[in-house]
Amino acid sequence: MEKLYSIYENQDLYTLKKAEYTSYFALFIVIYAILSAIIGLISPFQTEPILLYLGIFMIFVSLIFYFIHKGYLESAINMLCIAGIIKTLSLFHLQVGLHFYVIVLLIMFVTSIVKLKEYQIVSVYLILYFISVIKAFLPDESGLYLDPIRLVSYKISIVIGLLMFLVVLYYLSRIVDREIRKTEKYNTISRTDTLTGVFNRFAFNEAISKKGGNQSYGLLILDLDHFKTINDRFGHLAGDEVLRVFSNIVKEDIKTYGELYRIGGEEFAIIIENVNRQSLGEICKSLIHLVSHHDFGLGIQVTTSIGAVHVSKEKCPAFDDCYRISDDALYQAKSSGRNKYVLA
Amino acid sequence: MGIPSMEAFMILVKYFTRTYENKSYRTRVKAELTAVMLLFILLSMILELIASIFISRQNVLVTTMVTVAFFFVLLLLKSGRIILTGNLFVIAGFYKLIEFFPLSYSHQFYLQCFLGSLVAVAIYIKPYQLITTFSYTLFICIYRLIHFNQTSVSLAYKTEMAQATLTVISFLVIGLFYDRVIKNEITISKKTKKLSQIDELTQLHNRQHFDYVLTQKVENHDLVQIAILDIDYFKKINDSFGHIKGDQVLIKFGELLKDHFKASSVFRWGGEEFVILYEGESFGNKLYNFKNIVESTDFLIGQRLTVSIGYLESDKLNYEELLRRADDALFKAKDNGRNRVESY
């Protein structure tokens, strides 16, 4: 089951969740349809229509699963909605109408959970409500309602009861959506550094732990030189501005091949994928040049020191070792005069 | 339903749930849903009352009494007794199922099964409310099927009833699933919200949250007592002991802050800067004590660690001005030889 919607993992959380729910509900509907067909078969009716219905149903379900699997989630859900409406229509002619109404209710319920876009829930609800009201106002052929007051109260309960059902379901689906969106928002916030807008230490730790031990990549630790002096001479607000400008230019510079993280006050990290040792050195050199030649508007030169390490399994089996190595490299760069890089 | 009538409806809902404005999000949602449903029930009761006036007079008295009873439940909800309201719903649902048990109420019976369970999922506060509703629905539904199977109803009717029973059972199953989905999403979004307010390294509140809290205070014209703390010569610790040692110092410092002030009032503002938004008496003394505590604490770096603090209090300055003045006070502390507390 999880394999089915695994292709949505890189998309936003909302899509992923909806793919998950849709997969589960498609499976649920398969089970429901089989049980329902069994009930149809054991009651001595004509078996051909039931088997025909099962056949059509199976085609729909396999199409739905195929669409989910291929990444067309919206189409899959549309398909589910259309199948539901067709099913309802096929039960419209039944005399008593019990089966008809419960299917309407069930489909409304399922739609409220799986809907991806607003139009899906709105159109399904409008269509189903409309059909049900028509059905309720058709002359009663079943002969159930001899008492006129009972007939009226049946009609009222369908019209109002279904409406109530819709409103509650719509409300619930809004709650679920809102909570997923909130989670998404807080996920971004907790990974973003407020001052500079780049990723923060939390995102850095997460990126590292996702990598595992087998990949090789470039790890750079950048530290602004004499940042304390800037803060003390020009004030914290000016210091903040320097950090912001610094992050912007560095992020812009490396955006095609790496990710920038702010991991401490004036300390940044860069992770570079698919890089060899030599080009790592080139990158460090260009970064140092970039920063030292940028005008930060303070009338003084702002420079950075970099400790770099080419992380591979042989060099440092655990990440803590790599971090220590790059930290040592940074320390060397600092003590040998700053505004330079050391590649460990 | 047009938009204006929808708005009027929402105003009505808001009116009856005003008591819950300060309660938790979950309670608020449940209260609103309960109000929505009660209003719908009242609407359908009034329609039925009108119908019975025209069709059968002997029902008028009973319908009026039920309508008044539901109105009292609505007042009960308004007075803040939501658990009692929920219990009344559970009992009313049971009563309705029994009332609709006869064959000539079939449509209403199944509609009630669905509505009752959905209502339970939507508004339950205590788990027993959900469990009770689900179990009696399941029981009565199956009992009704068996009961009427032995009477001489048509085969078509029997089959439809069997299908409807199957659908009710499925509905209960996915009802449980839906309940779990809603609960999960609310818990996850709460957790991520919390995470997004916390600084990864020190586990104090982060700058993002500080900005939020301070802005709130400024907007409410509350008395703001703010202090900026800066660890003296932290750069040197980082440079001579490495960043890992530096991080440990920050963590320790954060813990001291949390012990001395309320955890909700201390924030990590940036690198080695912390902020306190204090509520209470003798802020200056408290800060002075804290400065002494830091001085006498062993940070395992083989030397004394000191802190400079700038603070002020005001209830009319804006966000920027507050920070600027606190920053100025901090500078004064630094200029006057560090390890000091200065006010603006």
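In what follows, chains carry the letters A, B, and so on, assigned in the order in which the sequence lines appear, proteins first and then strands, with residues in each chain numbered from 1. Remember, predicted model here, so these are calculated numbers, not experimental data.
- Under a 3.5 Å cut-off, the side chain of B/Glu185 and the backbone N or O of A/Val176 do not form any donor-acceptor pair.
- When heavy atoms are compared at a cutoff of 4.5 Å, B/Asp247 approaches chain A solely by way of its side chain, counted from C-beta outward.
- Looking at heavy atoms from C-beta onward, B/Leu195 lies out of side-chain contact with A/Tyr186 at the 4.5 angstrom threshold.
- Using a 4.5 Å heavy-atom cutoff, the side chains of A/Val152 and B/Phe54 are not in contact.
- Both the backbone and the side chain of A/Phe202 come within contact range of chain B, with heavy atoms under 4.5 Å apart.
- By the 4.5 Å heavy-atom criterion applied to side chains, A/Leu169 and B/Tyr178 are counted as neighbours.
- A/Lys17 is listed as a side-chain neighbour of B/Ile188, based on a closest heavy-atom distance under 4.5 Å.
- Residue A/Ser112 touches chain B through both its backbone and its side chain, counting heavy-atom pairs closer than 4.5 Å.
- Centroid-to-centroid, the aromatic rings of B/Tyr110 and A/Tyr101 stay 6.0 Å apart or farther.
- Not one N or O on the side chain of B/Glu48 forms a donor-acceptor pair closer than 3.5 Å with the backbone of A/Ile156.
- Listed here is the closest heavy atom pair of A/Gly161 and B/Leu111: CA-CD2, 4.2 Å.
- Taking the charged nitrogens against the carboxylate oxygens, B/Lys245 and A/Asp327 have no contact shorter than 4.0 Å, which rules out a salt bridge.
- Neither the backbone nor the side chain of A/Phe227 comes within contact range of chain B; no heavy atom of the residue lies under 4.5 Å from a heavy atom of that chain.
- The parts of A/Tyr154 that come within reach of chain B are both its backbone and its side chain, each placing non-hydrogen atoms under 4.5 angstrom from that chain.
- A/Asn231 is not listed as a side-chain neighbour of B/Asp230, based on a closest heavy-atom distance of 4.5 Å or more.
- Minimum interatomic distance between B/Glu160 and A/Gly97 (heavy atoms only, all atoms of both residues): OE1-N, 3.1 Å.
- Considering only heavy atoms from C-beta on, A/Ser36 comes within 4.5 Å of B/Gln163 through its side chain.
- Contact of A/Ser173 with chain B is made through backbone and side chain together, with heavy-atom distances under 4.5 Å.
- Judged by a 6.0 Å distance limit and a 45° cone about the ring axis, A/Lys182 is positioned over the six-membered ring of B/Tyr25.
- Aromatic rings from A/Phe25 and B/Phe177 are positioned such that their centres are separated by under 6.0 Å.
- Taking the side chain as every heavy atom from C-beta outward, A/Asn200 and B/Asn206 never approach each other to under 4.5 Å.
- Side-chain contact between A/Val102 and B/Phe171 is absent, with no heavy-atom pair separated by less than 4.5 Å.
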